[in-house]
Amino acid sequence: MNTFEIEKKWQKIWEEEKVFEAKNNDTTKTPYYILVEFPYPSGAGLHVGHVRSYTAVDAMARMKRMQGFNVLFPMGWDAFGAPAEQYAIKNHIHPKEAVKENIKTYKHQMQNLGFSFDWSREFSTTDPEYYKWTQWQFLQFYKHGMAYKATMPVNWCPKCKTVLSNEDAAGGVCERCGTEVVQKEKSQWMLKMASYAEDLLKGLDDTHFAEKVKLGQINWIGKSTGVEMDVQIVGGGKFSIFTTCIETVYGITFFVIAPDGKLIKELMPRVENKEEVEKYIEETAKKSALARTDLNKDKSGVILQGIKAINPVNGKEVPIFLGDFVLGDYGTGAVMAVPAHDQRDYEYAKAHNLEMIEVISGGDIKDHAFEKQEYLGKDCKLINSEEFTGLSVLEAKEKITQKLVDKGIARKVNNYKMRDWIFSRQRFWGEPIPMIYCEHCGWVPMDEKDLPLLLPDVAEYEPTDNGESPLAKITDWVNTTCPKCGAPAKRETDTMPNWAGSSWYFIRYMDPHNDKEFASMDAMKYWKKVNWYDGGMEHTARHLLYARFWVQFLYNIGLVPTKEMIDVRVSHGMILGSNNEKMSKSKGNVINPDDIVKEYGADTLRVYEMFIGDYQSDASWSTDSLKGCKRFLDRIIKIGDKINQKTGYTNKVLANKTIKKVTEDLSSMKYNTAIAALMIMLNEYEKYGEGISKEDYRLLLELLNPIAPHITEELNEKYALGEQLCKISWPVYDEKLIIDETKVIGIQINGKLRDEVEVTKEDNENSVKEKVLDQEKVKKYLEGKEITKFIYVPNKIVSILVK
RNA sequence: GCCCGAGUGGCGGAAUAGGUAGACGCACAGGACUUAAAAUCCUGCGGGUGUAAUAACUCGUGCCGGUUCAAGUCCGGCCUCGGGCACCA
C-alpha cells in the first residue's frame with residue numbers, strides 16, 4: 001500500500017467506527033472541549049495556515065482522548081458574509097449554492113488530512129436550523145432592552161452608491177472603484193455592548209487567556225478614569241467635560257466641543273458666526289473616519305462667536321471652539337483645553353493663536369506641552385493654581401476633585417472607548433433581523449414561533465442605489481402584517497453582521513441538533529465551557545469580545561450556566577510564503593495543501609507544520625525542511641525491520657524522558673520540540689546494535705500518533721503491536737526513572753570553562769571536590785594558586801575561584 | 001504617539017527558579033553504495049589563532065554599561081524589526 005492508500009484506509013476506519021464522536025453526559029469521563037475557529041469557506045479552499053492550527057488542536061484532541069477525557073472537538077462553517085455575496089453577484093448564482101460547494105471542498109480537504117473532528121456535530125451559520133436561534137437570541141436582546149435603533153454613520157461610496165464595510169473601505173477609499181469614502185447617516189440596529197464594558201473587563205479574571213490576548217481585550221475596552229465637570233456658559237446654560245487631568249484645571253484657556261455632538265445643536269441659536277460654524281459641521285460630516293483621525297492633519301476648528309464659558313475654579317471667561325478632534329460619541333463630546341500640558345491642545349492653541357498657562361512646574365513649553373507622562377512620577381508641584389499652588393500633582397488631583405465634588409459640579413466617572421455594537425448590515429447574505437415596522441406600533445419583534453425568518457430566493461444580490469439592503473427590493477418579502485395590531489407593515493431589510501453567527505457557535509456544538517432550544521441546559525452544564533480555544537491573532541480583540549458579550553448577556557438572563565464560556569484562548573502564528581511574505585495569489589507564493597498531501601502524504605505535512613517553529617510565531621514555508629520530515633517518517637518505517645524478540649525498553653531512561661517531554665510539550669503547544677524529542681529517540685534506536693524491542697517501537701508510535709496518526713496506526717497493525725493507537729491509554733512516565741545515573745558537568749575556574757567531570761547521583765560536594773582536584777587539567781590551572789571558594793551545584797556545574 | 005512581542009550559525013529554530021550556548025532539522029562539504037544519477041548510509045559543519053593531526057587558546061546570543069563565582073536568561077540605557085491600537089480628552 002502506498003501512503004495515500006494507507007491514509008484513506010485509516011480515515012475510513014475512524015469514520016466507520018465513529019471513534020471521534022463525543023457523547024453528551026458521559027459521566028464516566030471528564031469532559032474536555034477543544035475548539036478551533038471555524039473557517040469562512042471561501043472559493044480558495046483550505047490554506048496551509050489552516051492546516052497548521054487544525055493539526056495542532058487535533059494533536060491535542062487525540063492526546064486528550066488517549067488520556068481518558070471525553071473530548072468534544074467539533075468543526076463547522078462560518079458562511080455568511082460579504083465574500084460569498086460578491087462571488088454570487090459576479091457569477092449570478094445564489095450564495096447558498098456557492099457556499100454549499102465550498103463547504104464540500106473544505107470538508108473533503110479536512111478529511112484527507114485526518115483531523116479527528118466530530119462530524120456528527122457539523123453545521124453552518126447559514127443553516128436555517130442554526131440562524132433560527134441567532135435570530136431568536138437577537139429577539140432576547142431586544143426584549144431585554146439591549147437592542148435599539150439609532151442613526152449612525154456608515155461608510156458610503158458615492159460612485160458605487162453602496163454601503164461599505166470597514167474592510168472594504170480600508171485606507172478611506174472604496175476597494176472597488178477607488179473613490180474616497182464618505183460618511184452617511186443611516187438608522188441602524190445597535191446592541192448595548194458599552195454597558196457591558198466593566199463586566200467584560202472583570203470577566204477576564206475568570207478566564208485563562210494568554211496575557212497578550214487579555215491585553216488586547218483591555219486595550220479595546222479602553223477604560224479611563226477621570227472627572228466629569230460642569231461648565232457654565234456666560235449668559236446661562238451649561239455643558240460638561242471629561243478629563244483625566246483635573247490637576248491642570250487652572251490652565252484652561254479654551255474649551256473644544258465636537259462638531260458631530262448634541263451640544264452644538266443646542267448652542268446654535270446663540271452662535272453669531274452661524275454660517276462659518278455650519279460649514280465646518282458639514283465638512284466634518286463629509287470626512288471619512290480615516291481622514292478625521294489622521295494624525296498629521298492640521299488642528300482645524302472654528303471659534304463660536306458670542307459664546308464664552310466660565311472656568312468653574314476661578315471664574316475666568318474663555319472661548320469655546322468647534323474642533324473635529326473632539327468626538328461626539330466619547331466622553332461628553334466636549335473637552336477642557338490646557339495647551340501647556342496636553343500636546344493636542346498645544347498644537348491647537350498654536351494653530352489658533354491661543355493663550356497658554358503653565359500650572360505645573362518643571363517643564364519647558366517652548367516646543368511642546370509638558371504632559372502627564374512626563375510630570376507624573378517626578379517631583380513636580382502646582383503653580384498658578386490659587387490655594388492648590390505648591391501641592392504635588394497627586395495631592396492636587398485629589399483635592400481639586402474633592403472640592404469640585406463637594407460643590408456639586410463634578411463627578412468621578414469612568415469612560416470606555418468601546419462603543420455599542422452596530423448590528424445592521426445593508427447586505428443580502430446575512431441573518432435577516434426579525435423585526436417588523438408598523439405605522440401604528442413602531443418596531444415590533446416577530447413572534448418567536450414564526451422563526452426562522454428565511455432569506456428569500458432571489459436573483460439579484462446587488463445593494464440598492466440608496467444604500468438599502470437588496471432585501472428592500474423584494475416587496476413580497478418586505479410587506480407583511482404587524483404581529484401586534486395586524487395592520488400592513490414592513491420587515492427590517494438590513495441583515496446581521498458576520499460576527500453574529502460566530503458569537504455563540506461554540507454553544508451550539510454542545511447540542512447541535514436541538515430543535516426546541518439553542519442548546520439544552522443539561523448539555524451546557526455538562527460541557528461547561530470551551531477549555532481550549534485556538535484562533536488567529538486577528539480575532540483576539542473583536543470576535544472574542546463579541547462572543548464574551550453575547551455569552552454574558554445570555555448568562556444574565558439565565559439562559560446559559562456560565563458567564564465566561566471560553567477558558568484558555570491561544571493564538572497561532574501565520575504561515576508565510578518562502579519569500580517571508582504573506583501568501584497571496586498576486587505574489588505567487590501560495591502553497592496548496594492538496595498538492596503537498598498528494599506528493600508527500602498528510603502525515604508528512606502534519607509533522608512538518610508542527611516542526612516548522614514556535615507555534616505562536618509566524619513561520620515561512622520551506623519545501624526543503626518538508627523533505628526532512630518525510631525522511632523522518634521513512635526512517636521510522638524502515639526501523640520496523642529491526643524489531644526483535646527482546647522485551648522491555650532497551651533504554652528506560654530515554655523512554656521515560658521522552659514520554660515526559662512529549663506529553664508536556666503537546667500540552668503547552670511546543671510541538672516543534674516534541675518532534676525533536678522523537679527524532680532523538682529514533683536516532684538512539686538506530687544506534688542499538690542488537691535491534692529494538694516491540695515496546696521500544698510501540699512507544700515511538702504511541703507518542704507520534706497525535707501528530708502523524710495514519711502511518712503510526714498502520715505500522716502498529718503491521719507489526720501486531722497491540723490495540724489501535726487511537727483507543728489506547730496515553731503512556732505515563734516514572735519520575736524516578738528520568739534521572740541519569742551519571743552526568744557530565746562543566747568545571748569553571750575563575751568564571752571560565754576549563755574542564756568537565758562526570759558525577760553520579762551519590763556524589764556530594766566533598767567527593768566531587770576530591771575528584772575534580774585530582775584531574776590533570778585542573779591541577780595545571782591551580783598550580784601555584786590558592787583556592788578561595790569551591791562551588792558545586794549538583795548536576796549543574798563546578799565553579800572554583802582561585803587567586 | 002501609546003501598548004505588546006522579538007533580535008541566537010549559511011537557514012528554520014533549541015536552551016530562561018542564571019549553571020558546558022547552538023538540541024533537532026535543513027542546506028553545504030567529504031566519503032560509501034551505483035555504469036551513472038536519485039534515494040539511502042557514514043563523517044564533518046559558529047568565527048579566529050594554532051597543530052601533520054590532536055591538544056590548547058580566544059572571540060561570540062542586536063548595541064553600551066551593571067549585578068554575580070557564573071548572564072542568551074536578571075537590572076539600567078539605547079538601536080532595529082514585527083504586530084495591535086491610534087486626536088479616546
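A quick note: this is a predicted structure, and the numbers were derived from the prediction, not measured. Sequence lines set the chain letters: A, B, ... in the order given, protein chains first and strands last, and positions in each chain run from 1.
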message = Please evaluate residues A:S625 and A:F611 with respect to the criterion side-chain contact (heavy atoms from CB on, under 4.5 Å), reporting the C-alpha separation (whole Å), side-chain torsions for both, the decisive distance (0.1 Å), and the verdict.
response = CA-CA 9 Å; A:S625 296; A:F611 189 60; over 6 Å; no
Can you tell which of [options] lies closest to the side chain of [X]?
X	options	result
A:W220	B:C85, B:C69, B:C88	B:C85
A:D624	B:C41, B:A14, B:C26	B:C26
A:K796	B:G25, B:C24, B:A17	B:A17
A:T673	B:G19, B:A89, B:A15	B:A15
A:I797	B:G19, B:A89, B:C26	B:G19
A:I680	B:C85, B:A23, B:C69	B:A23
A:E756	B:C24, B:U20, B:C69	B:U20
A:L753	B:C69, B:A21, B:A14	B:A21
A:R631	B:G19, B:C88, B:C26	B:C26

side-chain N/O [X] vs [N] OP1/OP2, d < 4.0 Å:
X	N	result
A:Y416	B:C88	no
A:K752	B:C59	yes
A:R754	B:U58	yes
A:N219	B:A86	no
A:R344	B:G1	no

Span that lies between the [atom1] atom of [M] and that of [N], in whole angstrom:
N	M	atom1	result
B:G47	B:A36	C1'	39 Å
B:A71	B:G65	P	15 Å
B:A17	B:A27	P	33 Å
B:C45	B:G22	C1'	12 Å
B:U20	B:G72	P	10 Å
B:U61	B:A52	C1'	35 Å
B:G44	B:U8	C1'	22 Å
B:U16	B:U73	C1'	5 Å

Look at all strands and tell whether [X] reaches a base, only sugar-phosphate, or nothing, counting heavy atoms closer than 4.0 Å.
X	result
A:K638	sugar-phosphate
A:V744	base
A:N415	nothing
A:D614	sugar-phosphate
A:D618	sugar-phosphate
A:S622	nothing
A:K777	sugar-phosphate
A:G751	sugar-phosphate
A:L626	nothing
A:G628	sugar-phosphate

ask   = Taking O4'-C1'-N9-C4 for purines and O4'-C1'-N1-C2 for pyrimidines, is B:G13 syn (within 90° of 0) or anti?
value = anti
request  = Could you tell me whether the side chain of A:R419 has a donor or acceptor atom within less than 3.5 Å of a complementary atom in the base of B:C88?
outcome  = yes
message = Is there, by distance only and without an angle test, a donor paired with an acceptor across the side chain of A:S799 and the base of B:C69 below 3.5 Å?
response = yes
Please report, rounded to the nearest Å, how far the [atom2] atom of [N] is from the [atom1] atom of [X].
X	N	atom1	atom2	value
A:I218	B:C4	CD1	P	11 Å
A:E211	B:C3	CD	C1'	13 Å
A:L633	B:G25	CG	P	13 Å
A:I745	B:A70	CD1	C1'	13 Å
A:Y346	B:A89	OH	C1'	19 Å
A:K785	B:C69	NZ	P	19 Å
A:L215	B:G5	CG	P	8 Å
A:Q748	B:U20	CD	P	8 Å

inquiry  = Show the nearest heavy-atom pair for residues A:L654 and A:N651, with the distance to one decimal.
reply    = N-OD1, 3.0 Å
key: Side chain to side chain, A:V759 and A:Y792, heavy atoms closer than 4.5 Å   = yes
query = Mind checking whether A:H572 and A:Y615 have parallel, tilted or perpendicular rings, split at 30° and 60°?
reply = tilted
query = Relative to each other, are the rings of A:H543 and A:H539 parallel, tilted or perpendicular (30° and 60° limits)?
reply = perpendicular
Base-pairing mate for [N] - Watson-Crick or G-U, with both contacts under 3.5 Å:
N	result
B:G72	none
B:G60	none
B:C24	B:G12
B:G82	B:C4
B:C33	none

ask   = Taking the six-membered ring of A:Y533, is the NZ or CZ of A:R569 close enough (under 6.0 Å from the centre) and on axis enough (within 45°)?
value = yes
ask   = Okay, side chain of A:Y280, backbone of A:D324: is any donor-acceptor separation there less than 3.5 Å?
value = yes
ask   = For the side chain of A:R606 and the backbone of A:I707, is there at least one donor-acceptor N/O pair under 3.5 Å apart?
value = yes
ask   = Closest nucleotide of RNA chain B for A:G746 versus for A:N672: which of these residues is on the 5' side?
value = A:N672
Closest-nucleotide 5' rank along RNA chain B - winner of A:M679 and A:S620 = A:S620
request  = Assess whether atom NZ of A:K412 is packed by more than 12 heavy atoms of other residues, nucleotides or ligands within 6.0 Å.
outcome  = no
Inter-residue atom distance A:K262.NZ - A:T332.OG1, 0.5 Å rounding = 11.0 Å
